[in-house]
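The structure appears right after this line, and notes come after that.
Keep in mind it's a predicted model, so treat the numbers as computed, not measured. Each residue takes its place number in the sequence, starting with 1.
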Amino acid sequence: MPRLRGWAFTAAHVFDGPSKVVVRVEAPGMRREDLRIELNGHVLTVWGEKRAHQPGAVGRWHIARHAYGPLRRDLSLATAVDAYNSKAIYRDGVLRIELPKSEAVRGRAIALHLA
């Protein structure tokens, strides 16, 4: 069976909320130590590698029906975010990245005074 050069498809969801952007990337079977996240301008990059479990050779057939190998996902963000106050959580095969929007993008209320 040929080894995949990378994941054929990794599901990702981007939610643009009022104060933050939330990105969810599905990466089942990976360990937290195998994932890396980088923000460069408006491009968020998630990469890592899922290692294949190679059981001992028993019997005549071995069938593997899971993706393994390198993973890379580049996501263009439509708004400027604050990389320093961002956080990421990996749980149950899903990587969740919360990126607060920059103050300039969020805007602010301006008090209106009657003259």
Side-chain angles (χ1 to χ4, degrees):
M1 176 172 275
R3 183 176 188 268
L4 297 174
R5 294 195 186 279
W7 293 35
F9 180 73
T10 301
H13 306 274
V14 180
F15 304 98
D16 187 2
S19 63
K20 64 184 170 185
V21 175
V22 178
V23 177
R24 293 179 63 241
V25 178
E26 294 179 11
M30 294 187 69
R31 297 178 314 184
R32 185 180 356 205
E33 305 84 48
D34 294 332
L35 292 168
R36 300 211 23 150
I37 305 164
E38 182 178 294
L39 182 63
N40 189 1
H42 285 275
V43 178
L44 178 72
T45 302
V46 177
W47 75 87
E49 184 163 355
K50 182 177 178 185
R51 289 157 178 72
H53 172 68
Q54 299 291 355
V58 177
R60 294 180 11 181
W61 294 94
H62 175 80
I63 298 173
R65 295 185 183 224
H66 65 277
Y68 62 93
L71 152 77
R72 180 180 174 127
R73 191 68 188 240
D74 294 309
L75 301 163
S76 294
L77 303 177
T79 187
V81 294
D82 179 2
Y84 295 104
N85 291 310
S86 299
K87 63 181 178 178
I89 300 167
Y90 180 67
R91 185 177 327 155
D92 298 330
V94 178
L95 175 63
R96 179 183 169 96
I97 307 164
E98 295 183 7
L99 305 139
K101 290 185 177 180
S102 294
E103 288 292 329
V105 174
R106 273 194 253 169
R108 64 181 182 90
I110 300 172
L112 176 62
H113 300 283
L114 297 176

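- From Met30, atom CE reaches atom CD of Glu49 across 8.0 Å, with rounding to the nearest 0.5 Å.
- Taking CD of Glu98 as the start and CD1 of Ile89 as the end, the distance is 6.0 Å to the nearest 0.5 Å.
- Here Asp34 pairs with Arg31, Arg51 under the side chain to side chain donor-acceptor pair (under 3.5 Å) rule; sequence neighbours left out.
- The shortest distance between side-chain heavy atoms of Val22 and His13 does not fall below 4.5 Å.
- Across all their heavy atoms, Asn85 and Pro100 have their closest contact at O-CG, 3.5 Å.
- At a threshold of 4.0 Å, the pair Glu26-Arg24 does not count as salt-bridged, since none of the basic side-chain nitrogens sits closer than that to a carboxylate oxygen.
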Distance-only donor-acceptor pairs under 3.5 Å for side chains of residues 35-48, two or more places apart:
residue	atom	partner	partner atom	Å
His42	ND1	Leu77	O	3.4
His42	ND1	Thr79	O	3.2
Thr45	OG1	Asp74	OD1	2.7

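- A donor-acceptor pair under 3.5 Å is absent between the side-chain atoms of Lys20 and the main chain of Ser86, judged by distance alone.
- In this structure Tyr84 satisfies the side chain to side chain contact (heavy atoms under 4.5 Å, CB included) test together with Asp82, sequence neighbours excluded.
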